[in-house]
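Read through the structure below, which is laid out as structure tokens, and then see the notes.
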Amino acid sequence: VKNLVRFCALASALTLSLGAAAPSTEQRLESAFLAIPSADGARATSQVMNQSYHYPGTPGDHQLALYMRDRMRAFGLNARIESFPATVYTPRSLSLALLTTPVVSFDLHDRAAPGDAGGSRPGIGLPFNAGSGSGEVTARVVDLGAGIDRDYTRVGSNGIDVRGKIALIRYGAEYRGSLAKRAQDHGAAGVIFFTDPSTNKGPAYPNGPYPSDFTIQRGEVMDSDKVPLKIPTLPIDARNARVIIANMHHGLSDATVRLHVEMNARQTTLWNSIGEIPGTHANQSIILGGHRDAWVFGVSDDGSGIATLLEVARGLGQLHRSGWTPDRTIVIAGWDAEEIGELGSAAYVAMHRSQLQRGCIAYINTDESASGPDFGAAAAGAIADDATTVIRQTLGISKPDIGDPAGGSDFESFIYGVGTPILDLGYTGPLGTYHSPYDDFRYASLYADPGFVHHKTIAQAIGIFAMRLAQSSRPLHFVPYVAALNSGLRDLVKTAKQQRLAVDSVSLTKAIHVLQARAIRYDAVTMPQDVPVALRVAQQLDRIAYSASGYSGVAFPTIVNALATGKQSAVDAEVRATVVKLNQAASLLH
Ligand SMILES: [Zn+2]
């Protein structure tokens, strides 16, 4: 009954046109909440984010940690800083030269953008890749296109040996760390990255939202174990890249290039900003988070997420002050060091692991909540249907396309470390100023979210979903896992074939069918759920159905890893173990 009433709540609350039954407490709370997040509030936070360079460990980063804590306190949350130890990478020295006569020494600085004085501020240092190796390489440069497998095949068939050369790679096809690792595995001595504006679908910054030939994308290149590369890598702009390309014939430079990267690894303390509204069931929680650190000013990435979360805090804090206490604790987090390996969220999960395992019902992430016009989301099966309902009701998107969890932001430690069901959502777009100083207030207000409307509506969606998850007697569901498992199984069979191995798909299909039958019956029940048991099942299924490889998602990760060993016996053992886990999960659903 609760759910049925709630289903109609927003429509009637928003239109005030139905003279039916008096609104329930929950309806009144939801409409009270919806009225609070504001575009003006988000704009004001964006201006604060825009004020300082806040790469992890800088004074600006620390100031913003305190700012976010203090804002949450002002809104009525219990808020604190949780410090954690971390390794922060910065460049000691960087240089790049084309050894023609005369030698061309490249200017590696961000160039001033006409009309954007804010983004052209000094004092931000040279662009670099966190996790680059250190070293000096003098070698010819080979054009490796997008840097994916077929580029290496093409270059090889042109008779060019990548070994010992510097790879020139256009960003974008995959997570840049995967591109760098592939180059290293092929024997490249170094990598130069750039963003190619020739594929833009519209005007380049500062005249539009797309990358220009002077924007330089910084970014990390570490693998999932946070191990730095052995070879040096450097991001440059397209203007400099064109000078190197002009020296090439058939994809190989005539002259050599001298690439010098000297990195500094500093052991230091970083800061997560954590706010809480304690619930009556203190052992159960809903966590909302985004990253507060940035490569430079990061007003869209992820200043938009922080501005959004502070609007959620303003709304929930106001309800709390007027006497509302959620059943489950609601936590709002501003993570540090997402940009250099998702370190803040990983530290939080490590520090609170057993508590999260016992009672974290869901983690909702927003990284670039409002960086462009296109809505996107990914959700774990346990909360996917309820997330769809909230998105439909609060954002007015009739059939939101919600994908499976993959990689690339702070939800990873929650879902892959603990199995916590996650939702990741936001409005994204070209963000041509990504990881550059031009991801600033000018870009946000002109291109990412004019009027700061999406900041406000995403805050409404996150807040309403958090309230429902915090109150629901049946917060977790299981039917949506079936589709993810079935499509994952199809991919698995394909992968196995490519590697000339076999996957016992009959046993896996049977286990998925058993789970499906149980889940259908379980999800149809209306009496309160045994939440700790349901959470255990969700955690189990999340780890079977989802995993990340760079930015992409992969189901059945343990079987995929077994396939990579090339041993049929290892594959068979993992299939058997997975069938047991699926059967265990199914047996708990009654
Ligand atoms: Zn981000």
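Owing to the predicted nature of the structure, the values given are computational and were not obtained by experimental measurement. Both ligands and their constituent atoms are indexed starting at 1 by order of listing. For the numbers below, each heavy atom of this structure counts, side chains included, while hydrogens, waters and symmetry mates do not.
Each of Y348, W335, F84 was checked for a side chain to side chain contact (heavy atoms under 4.5 Å, CB included) with L343, and the lone residue meeting it is F84.
Atom CG of D336 is separated from atom OG of S273 by 8.0 Å, given to the nearest 0.5 angstrom.
Looking at D301 and the Zn ion (ligand 1) together, the shortest N, O or S contact belongs to OD1. Taking the N/O/S atoms of D367 in turn, the shortest distance to the Zn ion (ligand 1) belongs to OD1. Within H291, NE2 is the N, O or S atom that lies nearest to the Zn ion (ligand 1).
For R242 and F194, the positive end is not near the middle of the six-membered ring at less than 6.0 Å and at most 45° from its axis.
The Zn ion (ligand 1) has no N, O or S atom of E338 closer than 2.8 Å.
Side chain of S304 to backbone of S369: a donor-acceptor contact under 3.5 angstrom is found.
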